[in-house]
Amino acid sequence: MDPQALAALIAQCVEKQLKAHGAEDAPTLIDIALERPRSAEHGDWATSVALKVAKSAGVPPRDFALALARDVVALEGVAQAEVAGPGFINITLEAGAAGELVSTILQQGESYGHGDALAGQTINVEFVSANPTGPLHIGHTRWAALGDSLVRVLRSAGAEVTSEFYVNDAGAQMDTFGASILAAIVDEPAPENGYHGSYIKDLAQRVLAQEPDIVSLAKDDQIALARDTGYALQLADIKASLAAFGVEFGVWFSERTLHEKDASGLSLIDGSLERLRAGGHVFDEDDAVWVRTTDFGDDKDRVIRRANGVYTYFAADAAYYLSKTDRGFAKKIYLLGADHHGYIHRLKALAGAAGEDPEKNIEILIGQLVSINGAKLSKRAGNIIELDDLREWLGVDALRYSLARYPADSPLSLDPEILTKRSNDNPVFYVQYAHARTHQVARNAAASGVSGDTFDPSLLSEPSEAALISSLADFPRIVVQAAQLREPHRVARYLEEVAALFHRWYDQARVTPQGDDPIEPVHHTRLSLNNAAGQVLRNGLSLLGVSAPERM
RNA sequence: GCCCUCGUAGCUCAGCGGAUAGAGCAGAAGACUUCUAAUCUUUUGGCCGCAGGUUCGAUUCCUGCCGAGGGCGCCA
């Protein structure tokens, strides 16, 4: 029996008890809040539903729990239902009923963990969105790992998700970028506030190789050519870095397309301003056009078009936001670095000014900085640490896993020595090793004639087996939770728990008989449990973009 | 000055308003003629920054304070 089915049955029991006490409100499935107790003495599953609904029934929680427990224990497959503490109900399943889950997992295979909790939601997740003026650095690396895992988790929960990279390819920084490359080509010092760092010199050489005639052009044309050629090269590098990191984007959205005039001479930005004006949150003052973002919690109103008629960056943000709406995304998720947190109010204000609900249609996840060995890194400075270097140094798996196992808002300092260790210190190896071990066990089983063709779940009666099974049963719920809370790190933490329970079980129960002992049904049955554990570990790692090796 | 995030074991960090606050590492003691010991078992270690509030119940939600980091533009 899986927890969802159990929760549904308990919901019926609760409903019955509520009616018996004359209360009207029937609880939803969420109210059951079936959870896995930390302590094994508390059974396989526990619910605090009695504490929550007792008030509406007008009886003390413990009395309600006692009555409810009598109904629950009568359910098929339930071995025990005990009331503990103020009114918790601790449920122990019969070994056979719990073990059935193993065949469910093996049947569903890769799709075990997929669900429809977020079905019908169309979500746009924008992340990384680095300026195409330089290589991706360690901060981008964190957002790439986190954002991509979030996308996978959301999809697994049934949402329709598009991952998107906003390319800031318009604006003065692009000209500075072009001028910086040009300076390197003609061997002049970099312009003030320009980009330096050795990658500019590399780009300059590649631009020169591609456009050898650039030196003979007029100055403005030189800058434009250096800019556009360098941009194409740099963006291709960024795409290649992300692809090597296992991160794919559905849409690469160019900011320039927002500025382009259509046949009637109007750009998307022009149109957006008029749409916002219609919403009533736009006003004119000092010859400039403003959005009253203070209506939505911003600390000051924002200029969207300057007195000189030029749009601000905020105008492009507005047009971009509306573009997402026009492309059918009801929910827009932005993953931004901590240095962009000042954008929260103005972005939410955009949603409000556009006539949408800032609480529902837009979500902004702010991520804290990462450091390695306490060193913080700056993009403009020459000492950036690149994603590519990190990947080659630590490997995709260790890097992605380490970055995805912490919540985005937790400041993070990684220890490179731990990331390269092959032991318990390093959680990615611990989890991957557990997965490899399931394959090793299966290989040994096959070699000694344990086929798994007999499956009798009532034989899975060891405490370590019950613990492993109920953790495997929890996977779909963990995925939904990670999706709803936008916290993919929950998957990683869960996998570490499954790995620990698997290792413990491996230590205590054998799949292949020892020595000359005969092969018995329990061995076949345990092979199925072993394989189910491997499946869950594999499915979970895949949500994090981490490989699941069969041998280590 | 205003805004955002964070403050949990010696360290790095988990913790969906619930039970005795957890994991790994570090410290102590054990288990290898092994299904790979890359593992497992036992154990030491906490005013959950401080003070109030809401609640049957607060590490969790709210307010204030203290501390750490980051950010404030008619820049992009």
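Here is how names work: the chains are called A, B, and so on, in the same order as the sequence lines, proteins then strands, and each is numbered from 1. This structure is a prediction, so every number in the text was calculated from the model and none was measured.
- Nearest-nucleotide assignment on RNA chain B puts the 5′-proximal partner with P37(A), out of P37(A) and D287(A).
- Here the nucleotide nearest the side chain of D299(A), chosen from C2(B), G70(B), G18(B), is C2(B).
- As judged by a 4.0 angstrom heavy-atom cut-off over every strand, D425(A) is placed among residues touching the sugar-phosphate backbone only.
- Residue P61(A) is classed as having no contact, given no heavy-atom separation below 4.0 Å to the nucleic acid.
- Between the base of C16(B) and the side chain of R477(A) there is a donor-acceptor pair shorter than 3.5 Å.
- The side chain of R437(A) contributes no N or O atom lying less than 4.0 Å from OP1 or OP2 of U39(B).
- Contact between the side-chain N/O atoms of Q368(A) and the OP1/OP2 oxygens of U5(B) is not found at any separation under 4.0 Å.
- N90(A) comes within 4.0 angstrom of a base, heavy atoms only.
- You'll find the side chain of L365(A) stays beyond 4.5 Å of the side chain of L336(A), heavy atoms only.
- Note on A288(A): a base of the nucleic acid sits closer than 4.0 angstrom, heavy atoms only.
- No hydrogens or angles were tested; on distance alone, a donor-acceptor pair under 3.5 Å links the side chain of Q481(A) to the base of C16(B).
- When the P atom is compared between C47(B) and C25(B), the two are found 22 Å apart, to the nearest whole Å.
- In this entry the distance linking CG of D63(A) with P of C56(B) reads 17 Å, nearest Å.
- H341(A) qualifies as a stacking partner of the C4(B) base, centre to centre under 5.5 Å and near-parallel within 30°.
- Among the heavy atoms of the strands lying under 4.0 Å from G171(A) are primed sugar atoms or P, OP1, OP2 only; no base atom is included.
- A cation-pi geometry, defined here as NZ or CZ lying under 6.0 Å from the six-membered ring centre and within 45° of its normal, holds between R493(A) and Y406(A).
- Counting heavy atoms from C-beta outward, K348(A) and Y343(A) have side chains that stay 4.5 Å or more apart.
- When the C1' atom is used for both A26(B) and C16(B), the distance is 31 Å, rounded to whole Å.
- Within the nucleic acid shown, F88(A) comes within 4.0 Å of at least one base atom, counting heavy atoms only.
- Between the side chain of N131(A) and the base of A76(B), no donor-acceptor pair of N or O atoms lies under 3.5 Å.
- Rounded to whole Å, atom P of U39(B) lies 7 Å from atom OH of Y430(A).
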Checklist entry - Can you list the steps and then say if Y313(A) with N168(A) is a side-chain hydrogen bond (donor to acceptor under 3.5 Å, both in side chains)? => result CA-CA 10 Å; Y313(A) 189 75; N168(A) 293 131; 2.5 Å; yes
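- Aromatic pair H140(A)/F127(A): centroids not less than 6.0 angstrom apart.
- Within 4.0 Å of A172(A), counting heavy atoms only, lie sugar-phosphate atoms of the nucleic acid but no base atom.
- Atom P of nucleotide C16(B) and atom NZ of K52(A) are separated by 13 Å, given to the nearest angstrom.
- Where stacking is scored as ring centres under 5.5 Å apart with planes under 30°, H42(A) registers as stacked on the base of A19(B).
- Shown here for A65(A) and G87(A), the closest heavy-atom pair between the two residues is CB-O, 3.6 Å.
- Checking U36(B), C74(B), A76(B) against the side-chain heavy atoms of D286(A) singles out C74(B) as nearest.
- Between L468(A) and F502(A), some side-chain heavy-atom pair lies under the 4.5 Å cut-off.
- Counting non-hydrogen atoms under 4.0 angstrom, H340(A) reaches nothing in the nucleic acid.
- Checking the phosphate oxygens (OP1, OP2) of C16(B), no side-chain nitrogen or oxygen of R486(A) falls inside 4.0 Å.
- For A338(A), whose side chain is taken as the heavy atoms from C-beta onward, the closest listed nucleotide among C40(B), G73(B), G70(B) is G70(B).
- The CE atom of M552(A) sits 10 Å away from the P atom of U39(B) (whole-angstrom rounding).
- Looking at which nucleotide of RNA chain B each of V441(A) and N308(A) is closest to, the 5′-most match is held by V441(A).
- Contact annotation for Y406(A): backbone-only contact, meaning every heavy-atom pair under 4.0 Å involves sugar-phosphate atoms and none involves a base.
- Between Y320(A) and Y166(A), the angle of the ring planes stays under 30°, which puts this pair in the parallel group of the 30/60° scheme.
- Taking atom C1' on both C13(B) and A76(B), the two are 36 Å apart, rounded to the nearest angstrom.
- Listed pair R490(A) / C16(B) meets the phosphate criterion, a side-chain N or O lying under 4.0 Å from OP1 or OP2.
- At a threshold of 4.0 angstrom between heavy atoms, the contacts of A46(A) include nucleobase atoms, whether or not backbone atoms are also involved.
- Heavy atoms of S410(A) sit under 4.0 angstrom from primed sugar atoms or phosphate atoms, though from no base atom.
- Regarding contacts with the backbone of A76(B), every side-chain N or O of N193(A) stays at 4.0 angstrom or more from both OP1 and OP2.
- A408(A) comes within 4.0 angstrom of nothing in the nucleic acid, heavy atoms only.
- For U60(B) and U54(B), the P atoms lie 15 Å apart once the distance is rounded to whole Å.
- As a whole-Å value, the separation of H345(A) NE2 from G73(B) P is 12 Å.
- Contact annotation: R346(A) side-chain N/O to G73(B) OP1/OP2 distance is under 4.0 Å.
- Among the heavy atoms of the strands lying under 4.0 Å from L51(A) is at least one base atom, whether or not backbone atoms are also near.
- With P as the reference atom, G67(B) and G49(B) are 16 Å apart, rounded to whole Å.
- OP1 or OP2 of G24(B) has not a single side-chain nitrogen or oxygen of N426(A) nearer than 4.0 Å.
- Taking atom P on both nucleotides, G70(B) is separated from C61(B) by 24 Å, rounded to a whole Å.
- Cation-pi check for R306(A) over Y311(A) is not met; the charged atom does not lie both under 6.0 angstrom from the ring centroid and within 45 degrees of its normal.
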Checklist entry - Under a 3.5 Å cutoff on both atom distances, Watson-Crick or G-U, what's the dot-bracket for RNA chain B ([ ] crossing, | other strand)? => result (((((((..((((....[...)))).(((((.......))))).....(((((..]....))))))))))))....
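- G22(B) and G30(B): their P atoms are spaced 27 Å apart (whole Å).
- Going from the P atom of A51(B) to that of A58(B) covers 15 Å, rounded to whole Å.
- Salt-bridge check for R256(A) with D228(A): passed, with a basic side-chain N closer than 4.0 Å to an acidic carboxylate O.
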Next on the checklist: Please evaluate residues Y334(A) and H340(A) with respect to the criterion ring pair (Phe, Tyr, Trp, His ring centres under 6.0 Å), reporting the C-alpha separation (whole Å), side-chain torsions for both, the decisive distance (0.1 Å), and the verdict.
Outcome noted: CA-CA 11 Å; Y334(A) 290 71; H340(A) 284 70; over 10 Å; no
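- Side chain of D409(A), nearest nucleotide from U5(B), U36(B), A76(B): U5(B).
- Counting any heavy atom pair closer than 4.0 Å across all strands shown, R302(A) reaches sugar-phosphate atoms only and no base atom.
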